[in-house]
Amino acid sequence: MKRTTLFCLLILSGLISLAQDDTNTPTFSNEFMNIGVGARAFGLGRAMVSHVNDATAAFWNPAGLNHLESDFELSLMRSDYFNGLANYDYGTIAASLKDESKIALSIIRFAVDDIPDTRFLFDANGTIDYDRVRFFAATDYGFLLSYARKIPVFGGLNVGGNAKIIHRIAGPFAQSWGFGIDVGVQKEIAGWNLGLFGKDIFSTFNAWSHNPDEIRDVYNLTGNTIPTNSIEITLPRAILGVSRKFSFFNAFHLMAALDLDVTFDGKRNTVLRSNTISIDPHGGLELGYKEKVFLRFGVNNIQQLTDFDRSQYWNAQPNLGLGFVIRQIQIDYALTDVGDQSDALFSHVFSVNIDFNVEK
């Protein structure tokens, strides 16, 4: 156990050493890649790093792919935000290889479609012509290629990693390409599941290219500076997780999970924070019956808010979830921000996981 702890601390210290004290580095970068995937995860308050064991592990902790038992597993998710204004979609296909390693390919899309472009609203005579209104989309894509394998160190350690490509499009005005690396580990010790996931461990660099011809006239009229090509840096993030499952009455189980998100991009509105490091705890409970029916509750997005009278108070986002397994199909649903208690995104989340076995 001491060697496992030392291994995890080495990864964490490497992430801290890569954090940059740069005022030009944004505090929030590529945040669409941190929303989460799978309705089960949302129901559990996004606490997944230590125990995730299905195809969504490609997102939460690729080391969890080692728990796949089927030849192939397909995972799909659909969610709408801001009353349907934004669409969030996710899909992954995971496969078991002959050497007992696992691979997965995932796609994430977060988009606001059909945004009106009113630059040409007035015709040459100064008359409003709504037929001249154009539409564009602001779309973010994430592509993940994952690999996982169990290695014979520390009594058997699940490890995995992602190579990811980020592509962001702001209509005809700008676009960016980025590349990053994620690394994760999982280990079970005396019934406890431990996990560590390092995202963007070498920082992710988004190269933005702008199309000044599309905005030159508007910017000149308003006195704004025309943006130039630039590099956006996403600093490393570490997520530490612990969970345990308790069985009772021969048919029921209760699983408790807690994750700590550690960011190094400046002060955030989290429970623990400094000018360099912020720590955001979130957790959940899952009650299961015969591994077929599941009821979930989770809490995340714990923040300190300021009221109109300048008084401060703590707030959190509660979530509920349900899950059903029918043969090789698992269907999950989550209602995030139950009772509209938080300033976070309110959404209904649906996802499905399907196992496939190839007859030999």
Side-chain angles (χ1 to χ4, degrees), residues 12 15-16 18-37 39-50 60 79-86 88 110 112 140 195-200 203 232-243 256-286 296-321 334-349:
L12 182 58
L15 291 168
I16 296 174
L18 286 167
Q20 304 177 24
D21 184 14
D22 187 349
T23 56
N24 294 323
T25 301
T27 302
F28 297 94
S29 175
N30 289 337
E31 279 298 303
F32 79 100
M33 292 295 292
N34 297 315
I35 295 175
V37 302
R40 180 183 185 227
F42 284 98
L44 288 171
R46 301 171 59 251
M48 296 291 289
V49 166
S50 63
W60 294 109
S79 181
D80 295 326
Y81 288 109
F82 308 115
N83 197 27
L85 181 64
Y88 184 48
F110 187 85
V112 179
D140 298 330
L196 173 61
F197 185 34
K199 302 187 69 171
D200 307 297
S203 295
E232 177 186 352
I233 302 175
T234 305
L235 294 182
R237 163 190 301 236
I239 308 175
L240 298 89
V242 59
S243 62
L258 174 68
D259 279 8
L260 298 177
D261 285 21
V262 185
T263 53
F264 309 97
D265 54 4
K267 183 178 289 187
R268 296 183 176 218
N269 188 7
T270 58
V271 175
L272 301 174
R273 56 190 182 271
S274 68
N275 290 331
T276 303
I277 298 177
S278 299
I279 301 177
D280 180 22
H282 48 101
L285 297 171
E286 177 182 75
R296 306 179 182 110
F297 174 75
V299 177
N300 61 288
N301 200 41
I302 304 172
Q303 294 183 331
Q304 189 174 36
L305 305 179
T306 302
D307 211 338
F308 290 107
D309 60 0
R310 298 290 182 177
S311 63
Q312 292 187 327
Y313 63 97
W314 287 95
N315 199 1
Q317 174 183 330
N319 312 288
L320 288 176
L335 174 62
T336 67
D337 194 16
V338 177
D340 196 21
Q341 297 296 310
S342 169
D343 289 338
L345 302 177
F346 171 84
S347 183
H348 299 275
V349 184

Q: Checking Asn319 against Phe42 for the side-chain contact (heavy atoms from CB on, under 4.5 Å) test, could you report, in this order, the C-alpha distance in whole Å, the side-chain angles of both residues, the deciding distance, and whether it holds?
A: CA-CA 7 Å; Asn319 312 288; Phe42 284 98; 5.8 Å; no
Q: Do Gln304 and Asn269 come close enough that some side-chain heavy atom pair is under 4.5 Å?
A: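 Yes, close enough: below the 4.5 Å cut-off.
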Q: Measure from the side-chain N and O atoms of Asp309 to the backbone N and O of Ser311, and report whether any donor-acceptor pair falls under 3.5 Å.
A: yes
Q: List the steps and the verdict of side-chain contact (heavy atoms from CB on, under 4.5 Å) for His348 and Asp80.
A: CA-CA 7 Å; His348 299 275; Asp80 295 326; over 6 Å; no
Q: How close do Trp60 and Ala41 get, counting heavy atoms only, and between which atoms?
A: CZ2-CB, 3.3 Å
Q: For Phe110 and Tyr88, work out which heavy atoms get closest and say how close.
A: CD1-CD1, 3.6 Å
Q: Using side-chain heavy atoms (C-beta onward) and a distance below 4.5 Å, is Gln303 in contact with Asn315?
A: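 Result no, sub-4.5 Å side-chain heavy-atom pair not found.
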Q: Between Ile279 and Arg273, is a side-chain contact (heavy atoms from CB on, under 4.5 Å) present by the stated rule, with each step listed?
A: CA-CA 6 Å; Ile279 301 177; Arg273 56 190 182 271; over 6 Å; no
Q: Is there a donor-acceptor pair under 3.5 Å between the side chain of Asp265 and the backbone N or O of Thr234?
A: no
Q: Can you give me the closest heavy-atom contact between Asn34 and Lys199, atom names plus distance?
A: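 Looking at all heavy atoms of both residues, the closest pair is OD1-NZ, 2.8 Å.
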Q: Is a side-chain N or O of Asn275 found less than 3.5 angstrom from the main chain of Lys267, in a donor-acceptor match?
A: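 No; zero donor-acceptor contacts below 3.5 Å.
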Q: If the threshold is 4.0 Å, N to carboxylate O, is there a salt bridge linking Arg237 and Asp200?
A: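 Judged by the 4.0 Å cut-off on N to carboxylate O distance, Arg237 and Asp200 do not form a salt bridge.
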Q: Examine the side chains of Gln317 and Arg46 and answer whether a donor and an acceptor come within less than 3.5 Å of each other.
A: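 The answer is no; no qualifying pair exists.
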Q: Of all the heavy-atom pairs spanning Ser50 and Ser243, show the shortest one and how long it is.
A: OG-OG, 2.8 Å
Q: Shortest non-hydrogen contact from Leu196 to Val49?
A: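 In terms of heavy atoms, the two residues are closest at N-CG1, 3.8 Å.
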Q: Measure across Asp280 and Thr270 and return the closest heavy-atom pair with its distance rounded to 0.1 Å.
A: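 So the minimum-distance heavy-atom pair works out to CB-CG2, 3.8 Å.
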